[in-house]
Amino acid sequence: MNGSLLEVRSLAVAYDGIPVLEDVSFEVAVGEAVGLVGESGAGKSTLARALVKLVAARRGALIFRGVDLEQCTGRALRALRRELQIIFQDPFASLDPRMTVGRALLEPLEIFEPRSSRAHRDARIRGALVRVGLGAEMAGRYPRELSGGECQRVAIARALLPHPRLLICDEPVSALDVSIQGQVINLLADLNRREAMALLLISHNIALVRHLCGRIIVLLEGQVLEIAPSERLPGGARHPYTHALVAAVPTLESLSRGLLPATTAGGAGGDARLRRGCVYARRCPHAEDRCRQTRPLLETVGEGHQVACHRWRELSAGGLS
Amino acid sequence: MALLDIESLEIHYERAGRRVETVRGVSLAVEKGECVGLVGESGSGKTQLFLASLGLLPRDARMQGSVRFEGHELMGADARALNRIRGSKLTMIFQDPLSALTPHLRIGAQLGEVLTTHRGCSRSEARAAALAALARVQISEPERRLRQYPHELSGGQRQRVLIAMALLGDPCMLIADEPTSALDVTVQAQILAFFETLRAAQPLAIVLISHDLAVVARLAERIVVMYAGRIVESAPAARLLARPRHPYSELLVQCAPKIGGPRLERLPFVPGRAPRGEDSFVGCAFAPRCPRAAPRCREERPLLETGRAGAVACHFPIDS
């Protein structure tokens, strides 16, 4: 570990009094790539937005480079925010259709480097396009002339301009064809490895996240159920929900297993205010009374590996995987 | 006689003085009860092919060729003739279940409408049939769903409602266009498993359209790969997945997500960008992205040649 870049401590977020995130804690080290997986409604995007202060936290602390973002305002916040950038799922919606790519890339420079010269800005824009594998001539194009993959790379180029130390990627490839998802993921991997830019990669697809990220955080209904080193997956996952997420991924490998994917995994929902116990208990094939009554806390089960399950010990002994 | 027989279908548009070709000559037959997986990237023409079959393309679409369903020609058929077939015997579901439902009508009313329109059912018959249809797609609390609006349902529940709606007319063919792409992997797995049980229960032909081979792999008996408005390979699913012959199919097999095995430093991908309808090609459309392309590929277009184990359009197919 290179020291902590971001520390999330007991973060809670609620919309209209309904909890969306509860007691979420994790760290991202300098230059680390961390994956955040879960279904729709798990709170993944809310977490991403809370980190860049697009939604307000109800409780908890967000420590970025030693400073609590919750206590930070005005100029100090803006200075930190440039080091914390975010890209979203829909690459077309994140670019203004009336702006050329060059114009879209100029915006962050006008905000963050207001006194730089025209020549300097042009050079920075060309450099950013080349960094994401696009030609400098791309600057004159409009979003409608680009493919989905190219649009997403422009969005990445724009996020890179303020020299972020952490790039939050919210489902960066799920709107793209599988055939080109690798291009974007490899680009993110290169930026992470070569330039020590930390990544928080949010996705519903654990298969994708596993290759890029060293650690994976599994979120369900606003709670962290497991934090595991990627090399321990898929077999070494300790939470039944993580196993369900793994089993659900359609792969060509699973054909030879000849089994239907686990069907216990789907259908998030339910009223968060009424629940006690483990958030997965309703769907968990291994749930017993205590799972429905008491919420399991995260406990350490190995190096860098935590799980929140009452039965992890017996289930792993019984060969859950 | 094939259930659906598409022959030499071509579709193009004139947009801003430019010719945009979406389907450049496709022949495809689907047999009764067969499950075909149709795979290709965005813009490969896979959706256009079936929108044309159902008469759902925009008015400025220019079409040539023939589409026969149970022997009846659909191309150029009037809306009345089409309505006897589409929505009942031949039906299609789409990627985005929210935009396919009317936001201000309860689920029960939307399902009932299909029955009163196509079947001439009374309202009470329609309600009973709608309830049975929801139960059939294994949706939780079907009674309650009938009274709900689309926005009150999750993405997976909405897609189940649309499948229920598609099944109301007792179809013999279902076209599912990226039915799970907007859903979580967990819900996707449930929907795909449901298609499997559905096919076990009745002889239903399914065309499953996706950009991801792994999504169609489990269900499809035959896989058809499209590129730039043409079929580049068609083969029994097991053969195509184990021994793809077109270099594009091989790349798609490599790009399918992997959950087991060691972590990869780099993920495989198809280099370059998918072609668009405005692009025109002298040789093979895939040549600019093909790792095996030779000068001949850029000069002469390979034709789809049928052999014993499927068809492939490549001058230098793998294993030849």
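Side chains are part of it too, since the values below use all heavy atoms of this structure and drop only hydrogens, waters and symmetry mates. The sequence lines fix the lettering, A, B, ..., with proteins before strands; numbering per chain opens at 1.
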Legend entry - Residues A:Ser174 and A:Gln89: side-chain donor-acceptor under 3.5 angstrom: yes

Inset, instruction - May I ask you to check whether A:His305 and A:Arg232 show a side-chain donor-acceptor distance below 3.5 Å? - result: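 A:Arg232 and A:His305 do have a side-chain donor-acceptor pair below 3.5 Å.
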
Closest-packed option against chain B by number of heavy-atom pairs under 4.5 Å, given [options]:
options                                : result
A:Leu176, A:Asn186, A:Val178           : A:Asn186
A:Leu233, A:Ile206, A:Asn205, A:Asp190 : A:Asp190
A:Ser230, A:Gly148, A:Ala189, A:Ser147 : A:Ser230

Inset, instruction - For the residue pair B:His151 and B:Tyr149, categorise the inter-ring angle as parallel (less than 30°), tilted (30 to 60°) or perpendicular (more than 60°). - result: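 B:His151 and B:Tyr149: parallel rings.
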
Legend entry - Parallel, tilted or perpendicular: rings of B:Phe286 and B:Tyr227 (30°, 60°): perpendicular

Inset, instruction - Identify which part of A:Leu187 has an atom lying under 4.5 Å from any heavy atom of chain B, answering side chain, backbone, both or neither. - result: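 Neither; nothing under 4.5 Å.
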
Inset, instruction - Before accepting this row, confirm whether a basic side-chain N of the pair B:Arg144/B:Glu152 lies closer than 4.0 Å to the acidic partner's carboxylate O. - result: no

Is [X] in contact with chain A via its backbone, its side chain, both, or neither, using a 4.5 Å heavy-atom distance?
X        : answer
B:Leu264 : both
B:Pro257 : both
B:Arg160 : neither
B:Arg266 : both

Inset, instruction - Tell me, out of B:Ser210, B:Ser140, B:Gly272, who's got the most heavy-atom pairs with chain A below 4.5 Å. - result: B:Gly272

Inset, instruction - For chain A, find which of B:Gln157, B:Glu41, B:Gln254 contributes the most heavy-atom pairs closer than 4.5 angstrom. - result: B:Glu41

List the atom pairs, donor and acceptor, that lie under 3.5 Å between side-chain atoms in residues 191-202 of chain A and the rest of the protein, sequence neighbours left out.
from     : atom 1 : to       : atom 2 : distance (Å)
A:Asn192 : ND2    : A:Gly31  : O      : 3.0
A:Asn192 : ND2    : A:Met197 : O      : 2.8
A:Arg193 : NH1    : B:Glu265 : O      : 3.2
A:Arg193 : NH2    : B:Glu265 : O      : 3.1
A:Glu195 : OE1    : A:Arg131 : NE     : 3.4
A:Glu195 : OE1    : A:Arg131 : NH2    : 2.3
A:Glu195 : OE2    : A:Arg131 : NE     : 3.4

Inset, instruction - With sequence neighbours excluded, tell me which residues meet side-chain hydrogen bond (donor to acceptor under 3.5 Å, both in side chains) with A:Thr100. - result: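 side-chain hydrogen bond (donor to acceptor under 3.5 Å, both in side chains) check on A:Thr100 returns nothing, list empty.
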
